[in-house]
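Let me begin by presenting the structure, written as structure tokens, before commenting on it.
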Amino acid sequence: CQNSHAIQTTSDLTRTIKGALKHTQADLNRTIRRSFQALRIAVNDEFSVLDQFLRNVPFCLNPNGRVALLCFH
């Protein structure tokens, strides 16, 4: 939009999300958290990093070695 303001802070982004959605407070908080999570994943290129790790981990293990992964996404 031509009249929209630039989003410069996390508070700006939160207000923008709240203004765009008509949800209950619980749904709104969940949407805000997911939006910040999606931005972090994109900025850190986390899926590419994970893909690279998973491709290389078999070569880093000893024979019959095991690896455990925890994911909080």
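Atom CZ of Phe36 sits about 12.0 Å away from atom OG1 of Thr31, to the nearest 0.5 Å. Taking CD of Gln37 as the reference point, atom CD1 of Ile32 lies at 14.0 Å (rounded to 0.5 Å). For the atom pair Thr10 OG1 and Arg15 CZ, the distance stands at 9.0 Å (nearest 0.5 Å).
In this structure the side chain of Leu39 never reaches within 4.5 angstrom of the side chain of Ser35, judged on heavy atoms. No side-chain heavy atom of Val57 sits less than 4.5 Å from a side-chain heavy atom of Leu69.
Remark: Asn44 engages Glu46 in a side-chain hydrogen bond (donor to acceptor under 3.5 Å, both in side chains) (not counting sequence neighbours). Partners of Arg55 by side-chain hydrogen bond (donor to acceptor under 3.5 Å, both in side chains), not counting sequence neighbours, listed by chain and number: Asp51.
Hydrophobic clustering (side-chain heavy atoms under 4.5 Å, transitive across Ile, Leu, Val, Met, Phe, Trp, Tyr) groups Ile7 together with Leu21. Note on Phe53 and Phe47: separate hydrophobic clusters, where clusters join Ile, Leu, Val, Met, Phe, Trp and Tyr whose side-chain heavy atoms are under 4.5 Å apart, directly or indirectly. In terms of hydrophobic clustering, with Ile, Leu, Val, Met, Phe, Trp and Tyr side chains grouped at heavy-atom distances under 4.5 Å, Leu50 and Val67 are assigned to a common cluster.
Contact record, Lys18 with Leu28: CG-CD2, 3.5 Å, taken as the closest heavy-atom pair.
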